[in-house]
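All values below come from the heavy atoms of this structure, side chains included, with hydrogens, waters and symmetry mates left out. A note on names: the letters A, B, ... follow the listed sequences, proteins ahead of strands, and every chain is numbered from 1.
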Amino acid sequence: MNIEVKLADSVKKAISDLYGVEAQDSQIQLSKTKKEFEGHLTLVVFPFLKVSKKNPEATANEIGEYLMKNEPAISAFNVIKGFLNLTIAPAVWVEMLNGVNATENFGVKTATENAPLVMIEYSSPNTNKPLHLGHVRNNLLGFSISEILKANGNKVVKTNIVNDRGIHICKSMLAWKKWGEGCTPESTGKKGDHLIGDFYVLFDKHYKAELAELQSKGMTKEEAEAASTLMAEAREMLRLWEAGDLEVYAMWEMMNNWVYAGFDETYKMMGVDFDKIYYESQTYLEGKDKVLEGLENGVLYKKEDGSVWADLTDMGLDHKLLLRADGTSVYMTQDIGTAKLRYQDYPIDKMVYVVGNEQNYHFQVLSILLDRLGFKWGKDLVHFSYGMVELPEGKMKSREGTVVDADDLMAEMIATAKETSEELGKLDGCTPEEAFEIARTVGLGALKYFILKVDPRKNMTFNPKESIDFNGNTGPFIQYTHARIRSVLRKAAELGIELPSALPADLTLSEKEASLIQNLAAFPSVVKEAGDNFSPAVIANYVYDLVKEYNQFYHDFSILKEENESLRAFRLVLSENVARVVKTGMNLLGINVPDRM
RNA sequence: GGUCGGGUAGCUCAGCUGGAUAGAGCAACAGCCUUCUAAGCUGUGGGUCAUGAGUUCGAAUCUCAUCCUGAUCACCA
């Protein structure tokens, strides 16, 4: 049993025996003792003053003495103001470490037969341009949340909805047809998604030029936009696509396939994947039935012009359009359709959408609509909303070409990691393949950790220069500490030192070691907290604290030179378990931790 | 203007179910490699927790107001 739970029970019993009152769980506040005070756990006694009818010190002393007598886990206590600091007996710590050591996959639950099924939608790219920095944050969050929910015992289905249709794709197609027909990824040596993205930018360039010319002839901006032949051609292409025109459709399919090949490469490099991919071209017509059904049930209403609306004024929101007067779908209708298909495919208990915070309103509405249309998980769907990633110079705009491309960014991170590693001589004696693998692990670890350690709700500034700093609260620092622990363990194995499966209880250990065990043992509750709050940052900051603490320990003790065999064994077991938890925690963030680097 | 976020050290961020003197990292300065990987460790300086009120034994944390900032309020996705 967890020591804090055990102590909480003892405190409860103390209150009842001493004062004849049953204490509420919320009154028992046990927290880790601050490092400037002596003790391991601190009980705040203020909530008990009313029943003890004594001052804080006297109450704390009374409870402390009761615990000393009746709770064998407590070996000492001291009182400062209203705080009762409890010292836990060394044997309890050793027992705790033995418990961690004996638990396979410590901190990770596996899904049972009837575990809830959570579907997580993330990434959701458009097929007219490559992935950029915003997608990086989305993908990393989505993947990490999936891993965290899995570790909390849920069945998880990772899904991606690819926006593969619409006017933006037609713009790329038109530009390719006009100014690049015959170009392929093979002929240009470009990744497919980059090639298509270039044509999208090209379209915009020509379109802007056309508008400028029209305006120079005296048209207003609006008139020019209406008169643009390029835009008219793009719209015509979309019409042809929707009508199933063979030539347009074939071109669309070919170009999309180039893009998918490019995306696959990016996803693979990033280390994210999906269990099921949906395409909007296959789902965008699906929502209509569901909307018409809602119309029959009276959940929705029709206006005179034939358009279909939802009245959300009772929820403090507005009226929302779901079908245009001509019967075509809008974004919301498509999301309803996708939901319908997904529910046919999987028995969804909970749905999580990883989408930027600019769509908060959309998901508020979607939740209400899915609920009213009869989806049992609609009401409690989670919009995992995250803030914008900005550059120091200002916001990114894809049409202005100032976006940070995901592929370029990853390549840059890896190159920097390689450079730094070489300078420090870390790659000496590695094969080129090993060297690249280490550079990849470190470079991507830096990127992923930098992004995931920040509260997702907050807008963040991505400073490429600072992110490549390998000191401090960074992924590489954590990876490095892990590698050093593995190195010690390797050396111990070479020396023929065997690690016992259980340590004897009669060890004396330092405050630092006790504190480390305490943090280590808290891992499962950290995983739970991260799952409850959908927060990779909770894991990231926990792992950093653990590693930081271990590092101090590491510099204070020379483990292998320790002559007391049981103390040496204890420190090795402790180190090994720190390494295990670090690895598990980092894996929950989608970050690899190598054994050597 | 309505709705929803955010505002903590020069910078990037933790802490937010109320608890002790508000913590890390970066940057600056000073130390530490004959010792298991120095991508490290130790120390110093740096704060009206946006502002004001309220609740409380106790507020960065909860409530209200104000200011600043972001997103959104499309028959775009």
Please state how far atom [atom1] in [X] lies from atom [atom2] in [N], giving the value in whole angstrom units.
{"X": "A:Lys32", "N": "B:G15", "atom1": "NZ", "atom2": "C1'", "value": "15 Å"}
{"X": "A:Arg457", "N": "B:C13", "atom1": "CZ", "atom2": "C1'", "value": "14 Å"}
{"X": "A:Arg324", "N": "B:C75", "atom1": "CZ", "atom2": "C1'", "value": "5 Å"}
{"X": "A:Asn459", "N": "B:G6", "atom1": "CG", "atom2": "P", "value": "11 Å"}
{"X": "A:His383", "N": "B:U72", "atom1": "NE2", "atom2": "C1'", "value": "12 Å"}
{"X": "A:His482", "N": "B:U37", "atom1": "NE2", "atom2": "C1'", "value": "14 Å"}
{"X": "A:Gln24", "N": "B:G18", "atom1": "CD", "atom2": "P", "value": "15 Å"}
{"X": "A:Met388", "N": "B:G5", "atom1": "CE", "atom2": "P", "value": "17 Å"}

Selection from [options] that lies nearest to any side-chain heavy atom of [X]:
{"X": "A:Lys458", "options": "B:G7, B:C36, B:U72", "result": "B:G7"}
{"X": "A:Ser421", "options": "B:A71, B:A24, B:A39", "result": "B:A39"}
{"X": "A:Asp455", "options": "B:G40, B:A14, B:C75", "result": "B:A14"}
{"X": "A:Val44", "options": "B:G19, B:A24, B:C36", "result": "B:G19"}
{"X": "A:Thr42", "options": "B:U42, B:A20, B:C36", "result": "B:A20"}
{"X": "A:Met460", "options": "B:A20, B:C13, B:A77", "result": "B:C13"}
{"X": "A:Asn360", "options": "B:A77, B:C4, B:C41", "result": "B:C4"}
{"X": "A:Lys561", "options": "B:U35, B:G19, B:A39", "result": "B:U35"}
{"X": "A:Arg596", "options": "B:A39, B:A77, B:U37", "result": "B:U37"}

Write down the distance separating the [atom1] atoms in [N] and [M], rounded off to the nearest Å.
{"N": "B:G19", "M": "B:A65", "atom1": "C1'", "answer": "27 Å"}
{"N": "B:A28", "M": "B:C11", "atom1": "C1'", "answer": "13 Å"}
{"N": "B:C33", "M": "B:G7", "atom1": "P", "answer": "43 Å"}
{"N": "B:U72", "M": "B:G43", "atom1": "P", "answer": "46 Å"}
{"N": "B:C26", "M": "B:G18", "atom1": "C1'", "answer": "31 Å"}
{"N": "B:G46", "M": "B:U56", "atom1": "C1'", "answer": "32 Å"}
{"N": "B:C75", "M": "B:G70", "atom1": "C1'", "answer": "27 Å"}
{"N": "B:G47", "M": "B:A9", "atom1": "P", "answer": "10 Å"}

Can the positive tip of [X] be found less than 6.0 Å from the middle of the six-membered ring of [Y], inside 45° of the ring normal?
{"X": "A:Arg342", "Y": "A:Tyr278", "answer": "yes"}
{"X": "A:Arg165", "Y": "A:Tyr284", "answer": "yes"}
{"X": "A:Lys303", "Y": "A:Trp309", "answer": "yes"}

**Shortest non-hydrogen separation from A:Ser52 to A:Thr59 and the atoms involved** = OG-OG1, 2.8 Å

Would you indicate what [X] reaches in the nucleic acid, counting non-hydrogen atoms under 4.0 angstrom: base, sugar-phosphate, or nothing?
{"X": "A:Glu36", "value": "nothing"}
{"X": "A:Gln359", "value": "base"}
{"X": "A:Phe450", "value": "nothing"}
{"X": "A:Phe46", "value": "base"}

**Message:** Check for me: is A:Phe37 stacked on B:A20 by the 5.5 Å centroid and 30° plane-angle rule?
**Reply:**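 It does: the two rings, one from A:Phe37 and one from B:A20, meet the stacking criterion.
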
**Prompt:** Do we count A:Phe83 as stacking onto B:G19 if the rule is ring centres under 5.5 Å and planes under 30°?
**Reply:**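 It does not: the two rings, one from A:Phe83 and one from B:G19, miss the stacking criterion.
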
**Prompt:** Do the rings of A:Phe203 and A:Tyr207 sit parallel, tilted or perpendicular, given the 30° and 60° boundaries?
**Reply:** parallel

Any N/O donor-acceptor pair, [X] side-chain to [N] base, under 3.5 Å:
{"X": "A:Asp305", "N": "B:C75", "result": "yes"}
{"X": "A:Thr474", "N": "B:A39", "result": "no"}
{"X": "A:Asn85", "N": "B:A20", "result": "yes"}
{"X": "A:Lys426", "N": "B:U37", "result": "yes"}
{"X": "A:Ser124", "N": "B:A77", "result": "no"}

Under 4.0 Å between a side-chain N or O of [X] and OP1 or OP2 of [N]?
{"X": "A:Arg484", "N": "B:A38", "answer": "yes"}
{"X": "A:Lys548", "N": "B:G25", "answer": "yes"}
{"X": "A:Gln364", "N": "B:C4", "answer": "no"}
{"X": "A:Lys81", "N": "B:U21", "answer": "yes"}
{"X": "A:Lys34", "N": "B:A20", "answer": "yes"}

**Asked** Going by distance alone, is a donor N or O of one side chain under 3.5 Å from an acceptor N or O of the other, for A:Tyr386 and A:Asn138?
**Response** yes

If we call it a pair only when both distances are under 3.5 Å in a Watson-Crick or G-U wobble match, what pairs with [N]?
{"N": "B:C11", "answer": "B:G25"}
{"N": "B:U35", "answer": "none"}
{"N": "B:C4", "answer": "B:G70"}
{"N": "B:C64", "answer": "B:G52"}
{"N": "B:C16", "answer": "none"}
{"N": "B:A30", "answer": "B:U42"}

**Asked** Should A:Asn128 and A:Lys171 be marked as a side chain to side chain contact (heavy atoms under 4.5 Å, CB included) after you check the CA-CA gap, both sets of side-chain angles, and the distance that decides it?
**Response** CA-CA 8 Å; A:Asn128 63 321; A:Lys171 289 180 187 173; over 6 Å; no

**Prompt:** Got a donor-acceptor contact below 3.5 angstrom from the A:Asn160 side chain to the A:Ser124 backbone?
**Reply:** yes

**Asked** Does the gap between the ring centers of A:His319 and A:Tyr301 come in under 6.0 Å?
**Response**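 Yes: the rings meet the under 6.0 Å criterion.
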
**Message:** With a 6.0 Å cut-off on the ring centroids, do A:Phe384 and A:Tyr353 count as close?
**Reply:** no

**Request:** Please tell me which of A:Ala325 and A:Ile438 maps to the more 5' nucleotide of RNA chain B, matching each residue to the nucleotide holding its nearest heavy atom.
**Result:**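 Upstream on the strand: A:Ile438.
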
**Message:** Assuming nearest nucleotide by heavy-atom distance, tell me which of A:Asn163 and A:Tyr361 is located more 5' along RNA chain B.
**Reply:**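 Final value for this comparison: A:Tyr361.
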
**B:C57: syn or anti, per glycosidic angle within 90° of 0** =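 Glycosidic conformation of B:C57: anti.
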
